[in-house]
**Q** 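Take a look at this one; I'll ask things after.
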Amino acid sequence: MKFSSLFKIFSQPPTLKGKLVAISIIVLFLLNCFSLVFVNLAATFFVTRYINFSFLGEPFPENFYTLSSTSAVEGSFPTPSAVIQFVTPSEIIEARRLAQSTLQNLRVFSIGLLFFTTVLGGIGIYFLSRRTLRPLEEVSQTAKEISARSLERRLSFPESADEVKALADAFNTMLERLEKSFRDQERFSSSVAHELRTPLATMRTNLEVVLQNKEATAEEYQEMGKTIEKALSRLEEIVENLLLLSKGEKELERSWVFLAPLLEEIRHELLPLSREKDVRVLVEAERNTQCFADEALLFRALKNVIENGIRYNRPGGYVRVTYFQEEEWVVVKVEDNGVGIPADEQDSIFEIFSRGAQARKLYKEGTGLGLAITRLIVELHGGKIEVQSSPNAGTAFKIFLPSI
Amino acid sequence: MRILIIEDEFDLAKALAKGLKNNGYAADIALLGEEALQKIEFNEYDLAVLDLNLPDIDGLELCKTLRAWRPKLLILILTCRKRLKDKVMGLDMGADDYLAKPFHFQELLARIRALLRRDLPTKEPILQVGDLKLDPSSRTVFKGNRRLELRNKEFCILEYLMRRAGEVISQEELLEHAWGEEELDFFTANLRVHIHSLRKELNDDAQNPKYIETLPGVGYRLKRGEN
């Protein structure tokens, strides 16, 4: 039991604190070992030498003889053998025993000191590392507590300016980005839900009202069918556009596309609408301009802009499309003399499901996805789109596509 | 009972109005917030069904305005916004009930009935005055044990009179609450015709009325039944 629990402790991956403490203790222990071994060896060496010198006349300093040879009493200095004669063996034995026990005491003391310093140092290191690493624990604790619902929480370490603070800062920046993308996602899905629920509610209410009425006439059923058909087409359109919006850059099927025939095709497709609204679409053709793009998507992007020009216009108005090369861009300019976009709405026209009050009035069935799709397609191609508009005078879109 | 539908989705508003009319309510449609404010200024509504996503005015603001203008108007929010926050906000802005789209029409009707019960002295789902019993949910009226066959408008008039039993109701008020805007062409004569046929159905005598009293130049009153 005990063994297995011990085993369990060691089988767990070591914590940073554990590692720090272990390494420090090992280093401390080894350093202590070396210094104490050195002290002991030195002590032994010196004690032995001292005894041998004092009692046996062994030369202690290396240059003893050279020193003494210069002395005035040369020849009178006792030779080592003479010295021995003054010292009794018992005295030597006594001295050696004393030296031995002193050295032994020193060894015991050293070992004691070694363990004492190691333990004391270990405890010190433990507390020190705990203190240093506490902010890290706080970071991980906060990280654990933060979920998708509490992304607005942040880490705060005002007192320190070290690596932990840098980590916390990086962490906070990441949280900020995460929070923003979460909020965007949330807004997007709530808008999608709203846009999908409206036609669904229309369909259900129409159905239930007619079904509840036992005396409903064939005419009422007819009308209900038409309304439901309308709501269904709207649903289909929204779903199709949403799928388009989820396209990524990898799915582009690029080829060289001539703009002249593409715009002519768009004009042709929008002919019924432009006739109905009495708005002329003028394309100033320039034969040679082409760009490397996904033809179907480019068609879609340009058509959305031109269609808006027709819809948000007045009878007798026009939409003029010109295109030209400008530095590294192919620029497509779509101008109209329609109703224009109020200044406060110009920033949000490219956002998903954003529809101005005027736009809703003029074209109730719009999904609010057209310009969002256009911008996405243009950006997927590495281009950009700009808008300039003055209310009641008209709107000009400039679409920049990379020419290569 | 007259209901204003404030909803920008025309097909939905139309279906709602039709369904409500089928169920014996007078219903008008406002597609914009401004339009709703105008209609509420000129007409007397008992209840408003309000969509929060209107093109011109924010629904919650409108709710607040309506509440300030017409303290007795019942407001039912009918919207796509499903989040808890929106529901709490809506109710706190003065709405009486909140229903999220898509909804079942039956549920909407039941909620409207429940809301209309609030003004009554009793919260019984079946209105009872003397020996007259009116059940708004099944749209049936009983006089004692006999079931009366009433047409839509007669039912509507009787329901209003029963809700305000004992009070004098002017012709204008009755017209306001039982007729929608589009139906108002025939005017007062039409009301007399309906009261007449209602009396006939109730076996009531205009000279010596047991149920509906005529107060000349003032209006009508449903007698609080002693019988």
Side-chain angles (χ1 to χ4, degrees), chain A residues 149 183 186-217 219-235 238 342 345 353-368, chain B residues 3 5 7-25 27 29 31-35 49-59 61 77-87 99-112 137-139 151-152:
Chain A
R149 286 180 203 291
R183 296 282 165 270
E186 217 173 66
R187 223 185 41 226
F188 175 73
S189 41
S190 94
S191 320
V192 170
H194 173 253
E195 292 301 318
L196 293 178
R197 273 182 204 134
T198 305
L200 282 176
T202 305
M203 281 159 73
R204 175 170 285 291
T205 308
N206 271 285
L207 257 176
E208 289 185 352
V209 165
V210 172
L211 290 181
Q212 196 210 21
N213 183 8
K214 301 255 162 33
E215 292 129 31
T217 60
E219 204 175 298
E220 281 174 306
Y221 274 99
Q222 276 273 331
E223 200 184 323
M224 174 196 78
K226 271 184 207 152
T227 313
I228 286 181
E229 204 267 327
K230 217 163 87 188
L232 256 181
S233 344
R234 192 183 158 76
L235 269 181
I238 292 171
E345 284 169 16
F353 294 125
S354 82
R355 302 208 67 213
Q358 188 176 238
R360 287 212 232 179
K361 220 184 285 171
L362 283 169
Y363 180 44
K364 257 197 80 49
E365 290 76 28
T367 55
Chain B
I3 296 172
I5 300 159
E7 163 70 65
D8 67 325
E9 187 74 19
F10 181 59
D11 287 329
L12 179 59
K14 216 168 60 182
L16 278 174
K18 190 171 196 174
L20 290 174
K21 277 175 196 163
N22 288 346
N23 282 277
Y25 299 100
I29 297 174
L31 296 172
L32 297 167
E34 281 297 334
E35 202 182 337
V49 175
L50 173 66
D51 179 16
L52 291 185
N53 288 67
L54 294 170
D56 54 346
I57 304 179
D58 177 62
E61 280 302 313
I77 291 180
L78 184 64
T79 181
C80 296
R81 298 192 204 165
K82 261 189 173 166
R83 287 181 308 175
L84 178 69
K85 205 175 80 188
D86 293 317
K87 290 184 190 175
L99 187 59
K101 287 181 198 170
F103 57 94
H104 287 273
F105 190 62
Q106 294 297 334
E107 186 180 354
L108 179 71
L109 287 177
R111 279 177 190 270
I112 289 174
S137 68
S138 61
R139 305 189 10 83
R151 282 181 293 156
N152 243 337

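Only this structure's heavy atoms are used, side chains among them; waters, hydrogens and symmetry mates stay out. No experiment lies behind these values; they were computed from the predicted model shown. Residue numbers begin at 1 in each chain, while the letters A, B, ... track the order of the sequences.
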**Q** Between B/Asp8, B/Asp56, B/Thr79, which has the largest tally of heavy atom pairs under 4.5 Å with chain A?
**A** B/Asp8

**Q** Taking side chain as C-beta onward, heavy atoms only, is B/Asn23 less than 4.5 Å from B/Phe105?
**A** yes

**Q** Which heavy atom of A/Glu220 sits nearest a heavy atom of A/Ala216, and at what distance?
**A** OE1-CA, 3.2 Å

**Q** Got B/Ile29 and B/Glu7 here, is their nearest side-chain heavy-atom distance under 4.5 Å?
**A** no

**Q** When heavy-atom pairs shorter than 4.5 Å are enumerated against chain A, which of B/Ala13, B/Gly19, B/Cys80 gives the highest number?
**A** B/Cys80

**Q** Could you check which of B/Leu31, B/Leu54, B/Asp51, B/Leu32 has the highest count of heavy-atom pairs closer than 4.5 Å to chain A?
**A** B/Leu54

**Q** So, do B/Leu109 and A/Gln212 sit near enough that their side-chain heavy atoms are less than 4.5 Å apart?
**A** yes

**Q** A side-chain contact here means heavy atoms from C-beta on lying under 4.5 Å apart; do A/Glu195 and A/Val192 qualify?
**A** no

**Q** Got B/Ile77 and B/Leu52 here, is their nearest side-chain heavy-atom distance under 4.5 Å?
**A** yes

**Q** Is the shortest heavy-atom distance from the side chain of B/Leu20 to the side chain of B/Ile112 under 4.5 Å?
**A** yes

**Q** List the atom of B/Lys21, the atom of B/Asn152, and the distance in Å for their closest heavy-atom pair.
**A** O-ND2, 3.4 Å

**Q** Give the interface residues of residues 221-235 of chain A toward chain B, defined by a heavy-atom separation under 4.5 Å.
**A** A/Glu223, A/Thr227, A/Lys230

**Q** Measuring heavy-atom distances to chain A, does B/Gln106 have an atom under 4.5 Å in its side chain, in its backbone, in both, or in neither?
**A** both

**Q** Where do A/Gly366 and A/Arg355 come nearest, in terms of heavy atoms and distance?
**A** O-NH1, 3.3 Å

**Q** Can you give me the closest heavy-atom contact between B/Leu50 and B/Gly59, atom names plus distance?
**A** CD2-O, 3.7 Å

**Q** Considering heavy atoms only, which positions within residues 200-209 of chain A lie below 4.5 Å of chain B?
**A** A/Leu200, A/Ala201, A/Thr202, A/Arg204, A/Thr205, A/Asn206, A/Glu208, A/Val209

**Q** Considering non-hydrogen atoms only, spot the tightest contact between B/Lys101 and B/Leu78 and give its length.
**A** CE-O, 3.8 Å

